[in-house]
K.L.:
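Quick one: this structure, given as structure tokens, is what I'll be asking you about.
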Amino acid sequence: MTSSPSAAASQRILITGASGAIGGALALRRASAGARLLLWGRDAARLEAIAARCRALGAEVAIRQCDLADHGAALAALAEDDLMPIDQALLVAGQGDSAPAGAFVESAEQVARLAQVNFASPAALAADLARRMAERGRGRLLIVGSAAAFHALPFAAAYAGSKAGLARFAEALRLAVAPRGVTVTLVSPGFVDWVGGGRPIPRLLLLSQDQAADRIMAAFDAGIGHAIIPRRFAALRWIDRLLPGAVRARLLRSMAPR
Ligand SMILES: NC(=O)c1ccc[n+]([C@@H]2O[C@H](COP(=O)([O-])OP(=O)(O)OC[C@H]3O[C@@H](n4cnc5c(N)ncnc54)[C@H](OP(=O)(O)O)[C@@H]3O)[C@@H](O)[C@H]2O)c1
């Protein structure tokens, strides 16, 4: 595991989705003596477990249960947590999804929920964090999107759409706040420890949790605007753009989970 204690020492760092696989791995990479971590998630037991591991590495840790389905509650929680300035924010939380077997598309309720959890809440949090950081003239934001943002997945329209919105928002926010000393990094992962979907994933398109966490932290610490991981997904994005429409449609439909 690559850690970067110097990047985290004496920093106050918010991580959403810290109870999850990628968020937890990122929390461990930011945990070091002097680092003060604010770990958000919904599952109290998993939050406590990752907090204990971060404390064992020397970090000071506070946890917060927060449901991003309620963006007002999330912004109120941020206002409380940012009374002491947040230096780095890693917005990792998100919900994966695909239409249930036999359905053409996700239900209307699920579409609205994903729009909230994967787009509206992280974008609102990022805007508020960026504003506060810009007022202080420094700060770093990480937004975890998905390579699905670049493909019109017919079986995961809400997921692909919510992550596409988040990607465009992140890119626009980066341009808006860069002159004010705030760095915004968007990372768009492909498959990370992926077992869903009922199809084998080619190893070349798959990252382990540790590989993904290392690459995400490397992009974030380098202040890269947008990283697609693994890089092969950047090539897939180009192929998607260049294919004739009918071929693209057939290919995307054929990828539906079994
Ligand atoms: N794994 C992949 O292949 C992959 C690929 C591309 C992008 N991503 C993105 O990477 C991020 C992390 O994914 P992961 O693989 O680590 O998934 P994960 O293990 O399922 O973790 C998801 C995290 O998001 C949190 N979350 C979900 N819904 C939430 C809500 N309504 N309110 C607050 N928190 C919520 C979860 O909290 P609780 O568990 O406490 O509810 C958990 O901490 C997500 O944004 C995902 O879209 C993952």
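These values consider heavy atoms only, across backbone and side chains, with no hydrogens, waters or symmetry-generated copies. Every number for a ligand or one of its atoms is a count from 1 in the order of the listing.
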K.L.:
Given V92, I15, I22, which has its nearest heavy atom closest to atom 45 (O) of ligand 1?
P.N.:
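Nearest heavy atom to atom 45 (O) of ligand 1 lies in V92.
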K.L.:
Considering only non-hydrogen protein atoms, determine which one is nearest to atom 3 (O) of ligand 1 and report residue, atom name and distance to 0.1 Å.
P.N.:
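Heavy-atom neighbour on the protein nearest atom 3 (O) of ligand 1: V192 N, 2.8 Å.
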K.L.:
Should the proximity of C66 to ligand 1, defined as any heavy atom under 4.0 Å, be assigned to the side chain, the backbone, both, or neither?
P.N.:
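Answer for C66: backbone.
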K.L.:
Does any non-hydrogen side-chain atom of W40 lie less than 4.5 Å from one of D81?
P.N.:
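Contact flag for D81/W40 side chains = yes.
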K.L.:
Under a 3.5 Å cutoff, is there a donor and acceptor pairing between the side chains of R30 and Q88?
P.N.:
yes
K.L.:
Is there at least one pair of N or O atoms, one from G23 and one from ligand 1, spaced under 3.5 Å apart?
P.N.:
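The answer is no, given that G23 and ligand 1 share no N or O pair closer than 3.5 Å.
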K.L.:
Does any N or O of ligand 1 fall below 3.5 Å from an N or O anywhere on G41, backbone included?
P.N.:
no
K.L.:
Go through ligand 1 atom by atom and flag the ones less than 4.0 Å from a non-hydrogen atom of G20.
P.N.:
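Close to G20: 19 (O), 21 (O), 42 (C), 43 (O).
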K.L.:
Check whether any protein heavy atom sits under 4.0 Å from atom 20 (O) of ligand 1.
P.N.:
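Within 4.0 Å of atom 20 (O) of ligand 1, no protein heavy atoms are found.
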K.L.:
Which one of K163, R42, Q116 has a non-hydrogen atom at the shortest distance from atom 35 (C) of ligand 1?
P.N.:
R42
K.L.:
Is the shortest side-chain N to carboxylate O distance from R138 to D87 below 4.0 Å?
P.N.:
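D87 and R138: salt-bridged.
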K.L.:
First locate atom CD of Q95, then atom CZ of R113, and finally report the distance between them rounded to the nearest 0.5 Å.
P.N.:
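Atom-to-atom, Q95:CD and R113:CZ are 6.5 Å apart.
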K.L.:
Is any heavy atom of the protein nearer than 4.0 Å to atom 17 (O) of ligand 1?
P.N.:
no
K.L.:
Between A147 and ligand 1, does any nitrogen or oxygen pair lie at a separation below 3.5 Å?
P.N.:
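In fact, backbone or side chain, A147 has no N or O that close.
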K.L.:
Does R113 come within less than 4.0 angstrom of ligand 1, counting non-hydrogen atoms of the residue?
P.N.:
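No, that is not the case, since the closest heavy atom of the residue is not under 4.0 Å from the ligand.
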K.L.:
For ligand 1, which is the ligand I care about here, please tell me if G94 has any N or O atom under 3.5 Å from one of the ligand's N or O atoms.
P.N.:
yes
K.L.:
Tell me whether the rings of F119 and F169 are parallel (<30°), tilted (30 to 60°) or perpendicular (>60°).
P.N.:
perpendicular
K.L.:
If you measure from each non-hydrogen atom of V117 to ligand 1, which part falls under 4.0 Å: side chain, backbone, both or neither?
P.N.:
side chain
K.L.:
Tell me whether P189 has any N or O atom under 3.5 angstrom from an N or O of ligand 1.
P.N.:
no
K.L.:
Please classify the F233 to ligand 1 contact at 4.0 Å (heavy-atom distances, strictly less than): side chain, backbone, both or neither.
P.N.:
neither
K.L.:
Less than 3.5 Å between some nitrogen or oxygen of S146 and one of ligand 1, yes or no?
P.N.:
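It does not: no N or O of S146 is found under 3.5 Å from an N or O of ligand 1.
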